[in-house]
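Fair warning: this is a prediction, and the values are worked out from it, not measured in the lab.
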Amino acid sequence: MGVSIFFAIFAFIMKMEITILGSGASTPTSKRNLSAQVLHIRGVDMLIDCGEGTQMQFRKYKQKLQDLKYIFISHLHGDHFWGLPGLLSSMHMLGRQTPITIFSPKGLKNAISTWFSLSDTWLNFPVHYQELDSKQSEKILDEDSFEVHTIPLLHSVYCNGYIFKEKPKLKPIKKGITALYNIPHYAIESIKKGADFTDKDGNILKNETLTLPAAKSYQYSYASDTAQFDELQALLKDTDVLYHEATFMHSLLERAISTKHSTALQVAELAQKLQVERLLLGHISCRYSKKEELLLAEAQSLFASAELVEDGKSYRIY
Ligand SMILES: [Zn+2]
Ligand SMILES: [Zn+2]
């Protein structure tokens, strides 16, 4: 394998990126299917929410259904999970045998089991249900290179957003330093993780002498659906890229409050306070389908680089 091909594959695997499969609210349109997105973090594929028709979006936008390791469901409104029975059933029919883990509010396992028993459907692979009911933020997943925390949201049913947080990356060893200090191969890994090195004479070499600073670790936060509340900013701290629902324009603030959703202006204000690098707006109501530019302009009036996501488009976290 050529060196350039190796680095191209390495860069592809090491990326952190989302691909939007659905970004509409409540009712699908020809332009926006219901909430679903694939998140790739350094070789691990995950699905966040699974609105009706999500399996077709996998085909349409050439995403790999069988590579999914985890599914995260924010809440049990139909536009966020009614795509699951069909998606799981298709995974089975396409020959899946590897397990999958689904994080969701309590009740999903019962719902899917009832659905499958009524239609005499069974799966040839294990589904591990991790059902959530805590009202506090909690760490729910610890992978080699990242961890996942819940963000308890304020919606008309129990609802969590999810924070995907990369762990600190390895520090590069300074050029020529291993030969200079005669550092054995077995010590390299711990030095890259930040440890000092003690040589055979007992001299301690500080880590800063041996290494360069690690590359930045990124945090992607997914918030849907929710009204705004005081603690939200603190829960989302350290977010680099924020995906947030913007179901309404601010002229419908009262409706947003009564249905426990957010307006584009409120989300822009939150992003401004958080000083995120990138704000992605989704869960767009079909009432704006002919005037989405107004919704975007409202958000951009406070946060100039705000973007309305589009189905089928990928967005790099880095
Ligand atoms: Zn929704
Ligand atoms: Zn909802």
Do you know the tightest heavy-atom contact between [X] and [Y]?
X      : Y      : answer
Phe125 : Thr98  : CB-O, 3.6 Å
Cys50  : Ala36  : CA-CB, 4.2 Å
Phe248 : Glu298 : O-OE2, 4.5 Å
Leu108 : Glu131 : N-OE2, 3.0 Å
Met91  : Leu65  : CE-O, 3.5 Å
Phe229 : Ala227 : CD2-O, 3.4 Å

side-chain contact (heavy atoms from CB on, under 4.5 Å) evaluation trace for Gln37 with Thr19: CA-CA 6 Å; Gln37 56 183 253; Thr19 300; over 6 Å; no

N/O donor-acceptor pair under 3.5 Å between [X] side chain and [Y] backbone:
X      : Y      : answer
Glu138 : Ile140 : no
Asn33  : Pro28  : no
Tyr158 : Ser134 : yes
Arg32  : Ser35  : no
Thr150 : Pro152 : no
Glu17  : Ile41  : no
Ser119 : Trp115 : yes
Thr263 : Gln266 : yes
Lys169 : Lys216 : yes
Gln63  : Gln57  : no

Among His77, His80, His75, His244, ring pair (Phe, Tyr, Trp, His ring centres under 6.0 Å) partner for His283: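 Answer to the ring pair (Phe, Tyr, Trp, His ring centres under 6.0 Å) test with His283 among His77, His80, His75, His244: His80.
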
Electrostatic pair [X]-[Y], nearest N-O below 4.0 angstrom:
X      : Y      : answer
Lys69  : Glu143 : yes
Lys139 : Glu147 : yes
Asp142 : Lys167 : yes
Arg42  : Asp144 : no

Look up atom [atom1] in [X] and atom [atom2] in [Y], then write down how far apart they are to the nearest 0.5 Å.
X      : Y      : atom1 : atom2 : answer
Leu34  : Asp79  : CG    : CG    : 5.5 Å
Phe197 : Ile177 : CZ    : CD1   : 11.5 Å
Leu242 : Leu270 : CG    : CG    : 6.0 Å
Leu252 : Arg287 : CG    : CZ    : 5.5 Å
Tyr61  : Ser314 : OH    : OG    : 11.0 Å
Ile284 : Glu292 : CD1   : CD    : 6.5 Å

Quick one: does [X]'s side chain get under 4.5 Å of [Y]'s, heavy atoms only?
X      : Y      : answer
Pro99  : His128 : yes
Met16  : Arg316 : no
Leu88  : Ile112 : yes
Leu84  : Ile73  : yes
Tyr243 : Ser221 : no
Val38  : Phe58  : yes
Thr259 : Asp225 : no
Leu232 : Ile151 : yes

Can you tell me if [X] and [Y] form a side-chain donor-acceptor pair at under 3.5 Å?
X      : Y      : answer
Tyr222 : Asp49  : yes
Tyr315 : Glu310 : no
His92  : Asn124 : no
Asp311 : Ser23  : yes

Connected via hydrophobic side-chain network under 4.5 Å: [X] and [Y]:
X      : Y      : result
Tyr162 : Met46  : yes
Leu123 : Ile102 : yes
Leu180 : Ile188 : yes
Val276 : Ile317 : no
Tyr318 : Ile48  : yes

Lys206 NZ/CZ over Tyr181 ring centroid, <6.0 Å and within 45° of normal: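 The answer is no, since Lys206 fails at least one limit relative to Tyr181.
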
Ring-face cation of Lys290 near Tyr288 (centre distance under 6.0 Å, axis angle within 45°):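 No - Lys290 does not lie over the ring of Tyr288 by the 6.0 Å and 45° rule.
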
Gln219/Lys165 under side chain to side chain donor-acceptor pair (under 3.5 Å): CA gap, chis, key distance, verdict: CA-CA 4 Å; Gln219 179 175 312; Lys165 201 185 181 78; 3.2 Å; yes

Candidate pair Val267 and Leu279, rule side-chain contact (heavy atoms from CB on, under 4.5 Å), full reasoning: CA-CA 9 Å; Val267 178; Leu279 171 61; 3.9 Å; yes

Trace of the side-chain contact (heavy atoms from CB on, under 4.5 Å) decision for Ile100 with Ile71: CA-CA 8 Å; Ile100 195 159; Ile71 298 177; 3.8 Å; yes

Aromatic ring proximity Phe164/Phe146, centre distance under 6.0 Å: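 They do not qualify: ring centres at least 6.0 Å apart.
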
Whether over 12 other heavy atoms sit under 6.0 Å from Lys109 NZ: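 Incorrect, the count does not exceed 12.
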
Atom CG of Leu118: over 12 foreign heavy atoms under 6.0 Å: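 More than 12 within 6.0 Å, yes.
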
Intermediate values then yes/no, side-chain contact (heavy atoms from CB on, under 4.5 Å), Val148 and Ile163: CA-CA 5 Å; Val148 183; Ile163 288 172; over 6 Å; no

Residue pair Lys174, Glu208: steps toward the salt bridge (Lys or Arg N to Asp or Glu O under 4.0 Å) verdict: CA-CA 10 Å; Lys174 286 181 186 168; Glu208 301 79 73; over 6 Å; no

Worked verdict on His261 versus Thr247 for side chain to side chain donor-acceptor pair (under 3.5 Å): CA-CA 6 Å; His261 279 293; Thr247 312; 3.3 Å; yes

Mutual orientation of the aromatic rings belonging to Phe72 and Phe103 [parallel < 30°, tilted 30-60°, perpendicular > 60°]: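 Judged by the thresholds at 30° and 60°, the geometry between Phe72 and Phe103 is parallel.
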
